[in-house]
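Accompanying notes for the structure given below.
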Amino acid sequence: MAIDKSLMESLKNRREEALVGGGIDRIEKRHQKGLLSARERLAAFFDGGNFIEFGMHAHHSCTNFGLEKRKMPGDGVVCATGVVDGRQVAAYAQDFTVGGGAVGAIHAKKICDLLDFSIKAGIPIVGINDSGGARIQEGIEALSGYGQIFFRNVLASGVVPQISIIAGPCAGGAAYSPALTDFIIMTRENANMFICGPDVIRAATGQTASLDQFASADAHGQVSGNIHLIAEDDSHAIELAKRLLDYLPSNNLSDPPHKMNEEILVGEDMGMHDIIPADPKSPLDMQQVISHLVDADSWFEIMPDFATNMLTGFAKLEGLVIGIVANQPTVKAGCIDIDASDKAARFIRVCNIYSIPILSLVDVPGFMPGLAQERGGIIRHGAKMLFAWASGTVPKITLICRKAYGGAYLAMCPSDLGADFVFAWPTAEIAVMGAQGAMKVLYRRELEAAEDPEALEKELRAAYSEKFASPYQAASNGMITDVIDPAVSRGTLALAFRGIMGKHESRPPKKHGNIPL
């Protein structure tokens with residue numbers, strides 16, 4: 001007996017209604033602004049535009065303020081699972097054409113169900129945020145929905161990768177769900193993220209501020225450090241999310257997507273000599289060092305516009321996925337300040353969660369001096385780096401390129417903080433402080449009494465550097481694995497990482513450490 005045609009017609013009509021969300025006219029208006037619809041975003045994300053949808057026929061249950069008369073297809077969010085570059089991934093996209101994408105009880109339930117599915121299936125989840133906030137008509141039910149999403153963001157944290165894309169408004173409490181995820185990508189145009197808008201700020205404080213000052217992608221990417229990557233538009237944001245997934249495992253029990261070469265090419269790169277300034281006072285550009293060390297076109301910098309005196313990002317070394325934390329001497333001489341500490345500590349912990357080996361590249365004269373840094377809590381913030389390195393159990397390799405002074409040396413993961421290998425170039429200087437500062441402490445009286453203070457200081461500085469700052473002095477004490485020619489750095493690091501990939505390290509049983517937040 002054939003299926004009832006009326007049932008099939010009803011199914012077709014319901015699906016067509018859901019597929020257009022808030023209507024063709026609203027979708028066209030979005031296109032005019034350069035925005036994709038929620039379904040178009042997911043179609044661009046999943047391979048072939050194919051995905052299995054959760055809750056297509058879901059509908060709100062609110063009966064307040066006449067809302068029961070309004071049709072809200074999917075309750076303003078599309079939830080799905082599909083394949084991205086051959087790997088299973090879950091994703092949702094809020095639909096601004098349906099009630100402004102506002103979050104109500106059913107909307108939140110769909111997202112929570114998808115997060116639960118992601119954890120159960122052990123797959124990454126990507127959320128595309130484009131919402132006017134909580135649905136006022138649902139009152140406390142909407143707030144409860146947000147709370148349930150936050151709870152699941154925390155449950156999923158450290159279990160499966162969570163990536164948030166801010167592709168429209170993300171205001172008030174809605175901003176905290178992305179903030180609880182591993183990475184945030186924000187589009188430069190048409191998107192903003194804030195807790196209190198300009199009107200609230202003006203009413204509460206008397207300050208006048210535009211959204212560009214605190215809610216834009218540039219403000220978050222450069223000043224607040226709330227986001228990790230800036231995209232030019234929806235398509236670019238989706239492209240960045242896909243690229244990010246290419247460095248992350250599906251879950252915390254899986255290995256990163258390594259594609260290791262069978263044979264490591266151990267050769268000399270004499271070009272490395274050319275990028276090291278002859279004058280120790282001239283800054284070394286660590287971006288150039290990285291480009292010589294890693295596989296071509298594999299360097300993917302994270303938070304490239306925030307705390308630029310510290311570089312963080314993913315790369316591949318002979319096909320092995322690694323994370324890189326590096327001082328950048330071309331900015332603030334490479335000093336570690338409050339923002340750089342936070343940036344590095346967070347990235348180190350993300351790598352540790354997902355079993356990504358870490359390379360530390362060191363050229364640091366110290367922590368940033370100054371009243372603002374001291375009053376701002378540089379001790380507390382700097383301690384985050386120490387905690388992150390010491391608690392990390394992934395393979396950790398350190399390469400000391402030039403300066404490595406004082407507490408900042410320790411904050412860049414020497415053997416004392418758990419580095420499995422520590423290599424140094426002959427240009428490395430490892431000491432409690434630089435020779436110039438040490439002269440004023442150790443030989444102040446001699447220099448004051450000298451007939452030619454400059455000549456004496458030069459002589460004493462050379463002696464100090466040889467005795468206290470030479471990499472060979474540290475190597476003689478077993479603190480450095482080897483002093484190597486910069487030209488063989490790539491092959492040496494590749495061999496070292498390959499050799500330590502089977503690392504297992506046990507720690508005392510505990511719930512978790514108390515990182516100095």
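What you find for A326 and I290 is that their closest heavy atoms are CB-CD1, 4.5 Å. Across every non-hydrogen atom of Q213 and A219, the tightest pair is O-CB, 3.6 Å.
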With a 3.5 Å cut-off and sequence neighbours excluded, list the donor-acceptor pairs that the side chains of residues 297-307 form with protein atoms.
{"from": "S298", "atom 1": "OG", "to": "D295", "atom 2": "O", "distance (Å)": "2.7"}
{"from": "S298", "atom 1": "OG", "to": "K316", "atom 2": "N", "distance (Å)": "3.1"}
{"from": "S298", "atom 1": "OG", "to": "K316", "atom 2": "O", "distance (Å)": "3.3"}
{"from": "W299", "atom 1": "NE1", "to": "Q287", "atom 2": "OE1", "distance (Å)": "3.1"}
{"from": "E301", "atom 1": "OE1", "to": "Q287", "atom 2": "NE2", "distance (Å)": "3.0"}

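Of the N and O atoms on the side chains of S235 and D233, not one donor lies less than 3.5 Å from an acceptor on the other residue. In this structure, a donor-acceptor pair under 3.5 Å is present between the side chains of E318 and N261. In the model, D363 has no side-chain atom that pairs as donor or acceptor with a side-chain atom of Q328 under 3.5 Å. With no hydrogens or angles considered, no side-chain donor-acceptor pair links S144 and E141 at under 3.5 Å. Using a 3.5 Å distance cut-off with no hydrogens or angles, the side chains of Y176 and N153 do not pair a donor with an acceptor. A side-chain donor from one of H107 and Q94 sits under 3.5 Å from a side-chain acceptor of the other. Between the side chains of R87 and S250, at least one donor-acceptor pair of N or O atoms lies under 3.5 Å.
The aromatic rings of F46 and F51 sit tilted relative to each other, their planes meeting at an angle between 30° and 60°.
More than 12 heavy-atom neighbours from other residues, nucleotides or ligands sit within 6.0 angstrom of CD on Q88. In this structure, K503 places its NZ atom where more than 12 heavy-atom neighbours from other residues, nucleotides or ligands lie under 6.0 Å away.
Between the side chain of D420 and the backbone N or O of K396, at least one donor-acceptor pair lies under 3.5 Å. In this structure a side-chain-to-backbone donor-acceptor pair under 3.5 Å is missing from N129 to P169. Here the side chain of H220 pairs a donor or acceptor atom with the backbone of M193 at under 3.5 angstrom. Side-chain N or O atoms of S360 include one that pairs as donor or acceptor with a backbone N or O of M412 at under 3.5 Å. Judged by distance alone, the side chain of K403 and the main-chain N or O of P365 form no donor-acceptor pair under 3.5 Å. For the pair D95 (side chain) and G76 (backbone), a donor-acceptor distance under 3.5 Å is absent. Judged by distance alone, the side chain of K242 and the main-chain N or O of D85 form no donor-acceptor pair under 3.5 Å. Panel note: side chain R135, backbone A102; a donor-acceptor pair is recorded below 3.5 Å. One N or O on the side chain of S118 and one on the backbone of I123 form a donor-acceptor pair closer than 3.5 Å. Between the side chain of E40 and the backbone N or O of S37 there is at least one donor-acceptor pair closer than 3.5 Å.
Residues F347 and F314 place their aromatic rings such that the two centres sit under 6.0 Å apart.
Using a cutoff of 4.0 Å between basic side-chain nitrogens and carboxylate oxygens, R188 and D218 are scored as salt-bridged.
Annotation: side chain of L284 is in contact with side chain of C401 (closest heavy-atom distance under 4.5 Å). Counting only heavy atoms from C-beta outward, the side chains of V126 and Y92 never approach each other to under 4.5 Å.
Taking CG of L115 as the start and NZ of K120 as the end, the distance is 13.0 Å to the nearest 0.5 Å.
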